[in-house]
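Keep in mind that the numbers below use all heavy atoms, side chains included, and drop hydrogens, waters and symmetry copies.
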Amino acid sequence: MVETFRICFDLDPKFSSSLDKWIQFAMEKGVQMLELDLLSYGVFPRKFFPCYIFPHELLGIKKESTLKHLCSDIPSLHRCACIGFKSLTVLNFKSVDVEEEVLEYFLSNCPVLERLLVDDSPNLRNLRVVGPSVSLKYLVIEQCSSFISIEICDTNLVSFTYVGCEINMLLRNLPHLVEVCDFSYKSIGDAFTQLSCCLSQLEILKLNGLLFQERNHVFPVLANLKQLELKFQANDCFILLQLASFIKASPYLHRLVLELYPLCERRETRFKKASKCSHEYLRVVEIGGYDGRASDFEIVKYLIENAVQLEKIVIDPADPIEPHYCFPKHRIKKTIEEVEREENARNLARQQLIEKVPSTVEFVCL
């Protein structure tokens with residue numbers, strides 16, 4: 001038995017025959033974790049570079065369009081399909097062209113599959129994760145350019161992450177779902193509508209706050225929420241109002257993470273003031289993209305004044321990395337200008353906040 005089998009190279013379709021054989025080997029050895037990462041260090045848009053197509057025939061699925069490179073190169077396909085992935089618990093596809101039929105095969109035929117990640121699969125359009133027989137607990141769909149809809153119903157899913165364009169999202173009867181990350185470009189009202197079946201049970205919620213259309217939207221009570229992560233435009237004049245609404249709706253919030261994205265044109269905005277909202281449970285605040293703007297300072301000031309049991313504030317001046325950026329953050333080489341800007345922002349943050357942060361609160365500037 002093979003516990004982990006990882007292929008992490010920048011490989012295109014001309015290596016299909018070798019990839020097919022490697023996957024077959026993993027199947028025959030009863031692999032438990034399979035990861036195909038075929039653009040690990042790339043930054044180029046996928047639409048300009050075709051990627052490897054996961055072979056339907058390897059699973060016993062007949063599909064004429066995938067016969068180009070298969071049958072003559074892979075022996076014993078049907079025997080391999082029968083062996084299947086009965087021991088598979090983790091499956092990651094990165095920059096692999098994998099279609100709905102393949103994913104649903106894995107969901108239906110892998111009795112212990114708990115984690116599935118699909119990142120940058122250009123032709124994946126729809127996905128159904130339906131029925132109590134599906135063992136999946138963690139699902140991640142990221143930057144699949146053709147993706148338009150997902151249905152998740154009657155399963156034991158615990159965590160769901162979606163990053164990409166706005167899609168049709170149907171969630172129903174998910175009693176164990178406690179973590180949702182929805183970094184798509186939609187209004188907060190649409191996000192809450194799509195998540196209505198599970199909002200009251202969520203413990204971790206991550207949302208893209210860039211498109212707030214309903215300035216007076218009434219937030220539902222997030223009774224079990226412990227961790228909240230929001231991405232905002234730093235100069236949004238309504239940011240304090242939205243932040244106050246989230247805090248009021250999350251009475252047991254423990255950790256708040258804000259990622260501030262600057263507008264292309266740096267300008268200061270007159271903030272809409274938010275009313276005082278005392279919060280008894282918020283302990284940790286993390287703010288990324290802090291740049292010393294007046295708006296940045298107002299956010300920290302508001303949180304210090306309202307989080308009466310606050311224990312720690314973490315400030316990171318580095319600009320957040322957009323979700324669609326393929327290159328791993330820790331491998332990005334910063335320009336001299338970026339390093340200087342971050343150092344200036346770090347010094348300014350210390351000057352602005354060191355005397356404002358109460359002595360009872362740990363202040364960390366990364």
Side-chain angles (χ1 to χ4, degrees), residues 89-91 93 98-119 121 123-209 211-214 217-230 245-246 249-253 323:
T89 60
V90 179
L91 179 60
F93 290 118
V98 55
E99 296 185 3
E100 177 183 1
E101 295 86 353
V102 170
L103 294 179
E104 293 187 0
Y105 172 91
F106 280 110
L107 293 174
S108 300
N109 293 277
C110 298
V112 293
L113 180 63
E114 293 192 349
R115 295 177 179 269
L116 173 63
L117 179 147
V118 184
D119 182 0
S121 182
N123 290 309
L124 180 64
R125 293 177 56 81
N126 308 287
L127 183 62
R128 296 179 75 248
V129 184
V130 178
S133 62
V134 176
S135 60
L136 200 66
K137 299 292 180 60
Y138 302 88
L139 174 62
V140 179
I141 305 292
E142 295 185 339
Q143 299 303 334
C144 297
S145 56
S146 300
F147 201 61
I148 57 175
S149 71
I150 187 167
E151 179 183 359
I152 310 175
C153 301
D154 305 318
T155 75
N156 294 315
L157 198 71
V158 173
S159 174
F160 172 52
T161 295
Y162 175 72
V163 179
C165 297
E166 185 175 359
I167 60 170
N168 294 321
M169 188 183 297
L170 175 60
L171 307 181
R172 185 176 65 245
N173 190 24
L174 302 169
H176 301 287
L177 186 63
V178 295
E179 178 178 4
V180 170
C181 171
D182 183 3
F183 287 160
S184 59
Y185 295 90
K186 61 167 68 81
S187 69
I188 191 62
D190 290 341
F192 281 159
T193 297
Q194 292 182 339
L195 299 175
S196 60
C197 81
C198 59
L199 280 174
S200 62
Q201 67 198 44
L202 290 181
E203 297 178 9
I204 300 175
L205 177 61
K206 303 177 183 182
L207 292 174
N208 189 341
L211 293 181
F212 277 117
Q213 295 175 351
E214 308 91 338
H217 184 81
V218 178
F219 284 49
V221 176
L222 306 171
N224 287 293
L225 197 66
K226 305 296 190 301
Q227 178 177 326
L228 175 65
E229 181 173 327
L230 299 172
S245 296
F246 269 109
S250 311
Y252 299 106
L253 186 65

Donor-acceptor check, side chain of S135 to backbone of L113, threshold 3.5 angstrom: yes or no? yes
Side-chain (Q201) to main-chain (L177) donor-acceptor, under 3.5 angstrom: yes
Could you tell me if the side chain of F147 sits less than 4.5 Å from the side chain of V118, heavy atoms only? no
I'd like to check Q143 versus V163 (side-chain heavy atoms, cut-off strictly below 4.5 Å). Are they in contact? yes
Between L195 and L205, is there a side-chain heavy-atom distance shorter than 4.5 Å? yes
Do you know the tightest heavy-atom contact between P251 and L222? CD-O, 3.9 Å
Within the structure provided, determine whether D119 and V140 are in side-chain contact (heavy-atom separation under 4.5 Å). no
Value rounded to 0.5 Å, distance of OG in S159 from CZ in R115: 8.0 Å
Side-chain contact test, heavy atoms from C-beta onward, threshold under 4.5 Å: evaluate it for T155 versus L174 and give yes or no. yes
Anything under 3.5 Å between a donor and an acceptor, one on a side chain of residues 125-133, the other on a protein residue two or more places apart or in another chain? List them.
unit_1, atom_1, unit_2, atom_2, d
N126, OD1, S149, OG, 2.6
R128, NE, E151, OE1, 3.1

Return yes if some donor-acceptor pair links the side-chain N/O of N224 with the main-chain N/O of S200 below 3.5 Å, else return no. yes
For the residue pair N168 and I148, establish whether any side-chain heavy-atom pair is separated by less than 4.5 Å. no
Close side-chain approach of I150 and F160, heavy atoms under 4.5 Å: yes
Between L207 and A191, the two heavy atoms sitting closest are CD2-CB, 4.3 Å
V158 and V178: side-chain contact (heavy atoms from CB on, under 4.5 Å), yes or no, with the steps? CA-CA 6 Å; V158 173; V178 295; 3.8 Å; yes
Compare every heavy atom of S184 with every heavy atom of C165, then report the nearest pair and how far apart it is. O-CB, 3.9 Å
For the student: nearest non-hydrogen atoms of I167 and Q194, plus distance: O-NE2, 3.3 Å
Could you tell me whether the side chain of E179 and the main chain of Y138 form a donor-acceptor pair under 3.5 Å? no
Closest non-hydrogen atoms of L199 and F192, given as atom of the first, atom of the second and distance, are CD1-O, 3.6 Å
CG (D190) and CE (M169) are apart, to the nearest 0.5 Å, by 10.5 Å
Ignoring hydrogens and geometry, is there a side-chain-to-backbone donor-acceptor pair from S121 to V98 under 3.5 Å? yes
Rounded to the nearest 0.5 Å, how far does CG of L253 lie from CG of L225? 5.5 Å
Could you tell me the separation between the CG atom of L103 and the CZ atom of F93, rounded to the nearest 0.5 Å? 6.5 Å
Measuring only between side-chain heavy atoms, which start at C-beta, is L107 closer than 4.5 Å to L116? yes
In this structure, CD of E229 is separated from CD1 of I204 (nearest 0.5 Å) by 10.0 Å
Distance, nearest 0.5 Å, that separates SG of C153 from CZ of R172: 3.5 Å
